[in-house]
There are 2 protein chains.
Amino acid sequence: MQPLRRRQLIDATLASIDQHGLHNTTIVTISRLAGVSSGIISHYFGGKNGLLEASMRHLLKELGDTYKARLAKVSTDDAEGRVMAVLEANFDRVQTSPAACKTWLAFWAEAMHQPELARLQKVNAQRLLSNLRAALKQLLPAARAQLVAQGLAALIDGVWLRGALEGGIDTQQAKALCRDYLAQQLKYKDS
Amino acid sequence: MQPLRRRQLIDATLASIDQHGLHNTTIVTISRLAGVSSGIISHYFGGKNGLLEASMRHLLKELGDTYKARLAKVSTDDAEGRVMAVLEANFDRVQTSPAACKTWLAFWAEAMHQPELARLQKVNAQRLLSNLRAALKQLLPAARAQLVAQGLAALIDGVWLRGALEGGIDTQQAKALCRDYLAQQLKYKDS
DNA sequence: TCTTTTTAATTGAACGATCAATTAACAAAA
DNA sequence: TTTTGTTAATTGATCGTTCAATTAAAAAGA
């Protein structure tokens, strides 16, 4: 029963943030969406904050799982394929829904003054960067790989941010933008 | 006295968001930082919300003024210089301080469920894009200019977002990243 | 199999804290 | 004196948390 309820409450949390925004999300809006009483949140998560942290962990895990699934489909020496796996995962349908974008942005903002959320966010940002850099090192000089990895990471986050504010990401256009950046940068080899 | 107090309260608002985060910013934390009583906020801004809107307008105006100042220094037909003016303005010292980054991110998150803030944000995002596109059209085919403008806009926002979450932007590195993107894209003319 | 006991899950009302807004009173300037 | 600026206390609403009480489920005993 415990894992069922926890999942149910996390889903309700994401739904509430989508509908009302984080700052209008209360334990009442969450518990009402989950169809349970408000008291149960403290019972399973130790409080509202614990639930928010668990919800962010859930999103991060979902992103990580999607990336691993994409990565498993490309061979280890297919560097360009590994970069594309990062892009595909980040612009997966699940991650680019208006609800997901809103929630990510809300958590990012909250992380600025909530140490545990900041920690989670930092780990994720670092992993994104290091995944990109590792793959790019097979295609470019180390210093160049570092720069392009930072560029791609910023491009991904920027597209996401602008998408969140506009109410949705055009995933095709987003991927085209990143793929174009990568293609232009790989020409560097020849120059 | 009115313009003085308004400016004083807006500054205190930005300071409070920097120190406590938007969601822990109350009319008390603001008025204490400004050294006045809390009631004065309603007197000058009609309420907390009015003050938040005015603060966001203040930031937007500051950005716009910086851009205009930079733009005035380049000739109309210096397309690359006009693009650089956008970059210089966005990565100006005033806009890239930890406090400014935090505040921008907080307002972006808030704008998702506050129509007036969303409107202000949208106007700004559109202007950034159209400034870039107009300049790039002198250097690239229209369709290409549109794509590169979107790429640069996303890159700028992405660098900003990642900087906010890491506690500060390295402006030199940020500009180098964007300048590199632009340089790579301008090679397109020849291919 | 049928009670009895124990454990786990859940509720919802009550509580204290905190918020934005209001207001009546006060001070300073004109 | 009249207007403008400002304060400090108060109001009503809302928040997250807590907890005693209730229900459902499982285990144990007869």
Side-chain angles (χ1 to χ4, degrees), chain A residues 1-58 103 106-107 109-117, chain B residues 1-58 103 106-107 109-117:
Chain A
M1 183 53 56
Q2 197 183 56
L4 191 100
R5 275 278 171 274
R6 284 180 65 95
R7 176 58 195 266
Q8 187 181 10
L9 285 167
I10 287 173
D11 287 342
T13 302
L14 302 182
S16 174
I17 292 176
D18 177 39
Q19 288 177 30
H20 312 106
L22 177 55
H23 114 136
N24 284 106
T25 287
T26 71
I27 55 169
V28 172
T29 67
I30 295 171
S31 57
R32 194 166 46 208
L33 279 168
V36 294
S37 97
S38 66
I40 211 70
I41 289 176
S42 290
H43 183 255
Y44 280 119
F45 293 95
K48 185 191 183 185
N49 226 44
L51 175 54
L52 291 180
E53 281 180 29
S55 297
M56 185 167 179
R57 276 207 189 82
H58 175 78
T103 309
F107 277 133
E110 191 72 4
M112 285 190 304
H113 37 85
Q114 186 128 358
E116 180 57 17
L117 293 184
Chain B
M1 183 54 57
Q2 198 183 59
L4 191 102
R5 277 277 173 274
R6 285 180 63 97
R7 177 59 195 266
Q8 188 180 10
L9 285 167
I10 287 173
D11 287 342
T13 303
L14 302 182
S16 174
I17 292 176
D18 176 41
Q19 288 177 31
H20 313 105
L22 177 56
H23 115 138
N24 283 106
T25 286
T26 71
I27 56 171
V28 172
T29 67
I30 295 172
S31 56
R32 195 165 45 206
L33 279 168
V36 294
S37 88
S38 68
I40 212 71
I41 289 176
S42 291
H43 184 254
Y44 281 118
F45 294 95
K48 184 191 183 186
N49 227 44
L51 175 53
L52 291 180
E53 281 180 29
S55 298
M56 185 167 179
R57 276 206 189 80
H58 175 78
T103 309
F107 277 133
E110 191 70 5
M112 286 189 306
H113 37 87
Q114 186 129 356
E116 179 58 16
L117 292 185

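A note on names: the letters A, B, ... follow the listed sequences, proteins ahead of strands, and every chain is numbered from 1. What you see is a predicted model; the values in this text were computed from it and never measured.
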**Q** How many Å lie between CZ on A:Arg6 and C1' on C:dA8, as a whole number?
**A** 16 Å
**Q** State which residue, out of A:Thr13, A:Ile17, A:Leu22, fulfils the side chain to side chain contact (heavy atoms under 4.5 Å, CB included) condition with A:Thr103.
**A** A:Ile17
**Q** Just by distance, with hydrogens left out, do A:Gln114 and A:Asn49 show a side-chain donor and acceptor under 3.5 Å apart?
**A**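 A:Asn49 and A:Gln114 do have a side-chain donor-acceptor pair below 3.5 Å.
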**Q** Once ring-ring contact (aromatic ring centres under 6.0 Å, His included) is applied, what residue pairs with a partner in residues 14-56 of chain B remain, sequence neighbours excluded?
**A**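 Every pair satisfying ring-ring contact (aromatic ring centres under 6.0 Å, His included) with a residue in residues 14-56 of chain B: A:His113-B:His23.
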**Q** What string of B, S and - do you get for nucleotides 11-27 of chain C, 5' to 3', when a contact is any protein heavy atom under 4.0 Å?
**A** BB------SBBB-----
**Q** Distance check needed: D:dC15 P versus A:Leu22 CG, whole Å only.
**A** 13 Å
**Q** So B:Leu51 and B:Lys48, do their side chains get closer than 4.5 Å, heavy atoms only?
**A**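 Contact flag for B:Lys48/B:Leu51 side chains = no.
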**Q** Please tell me if the side chains of A:Arg57 and A:Glu116 come closer than 4.5 Å, counting only heavy atoms from C-beta onward.
**A** yes
**Q** For B:Ile30 and D:dT6, give me the distance from atom CD1 to atom P, rounded to whole Å.
**A**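 That distance rounds to 17 Å.
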**Q** So what does B:Tyr44 touch, heavy atoms closer than 4.0 Å: a base, only the sugar-phosphate, or nothing?
**A** sugar-phosphate
**Q** For A:Thr25, does its backbone N or O pair with a side-chain atom of A:Thr29 as donor and acceptor, under 3.5 Å?
**A**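 Side chain of A:Thr29 to backbone of A:Thr25, a donor-acceptor pair under 3.5 Å: no, none is there.
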**Q** For the pair made of NE2 in A:His23 and C1' in D:dC15, what is the distance, rounded to whole Å?
**A**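 Atom-to-atom, A:His23 to D:dC15, this comes out as 13 Å.
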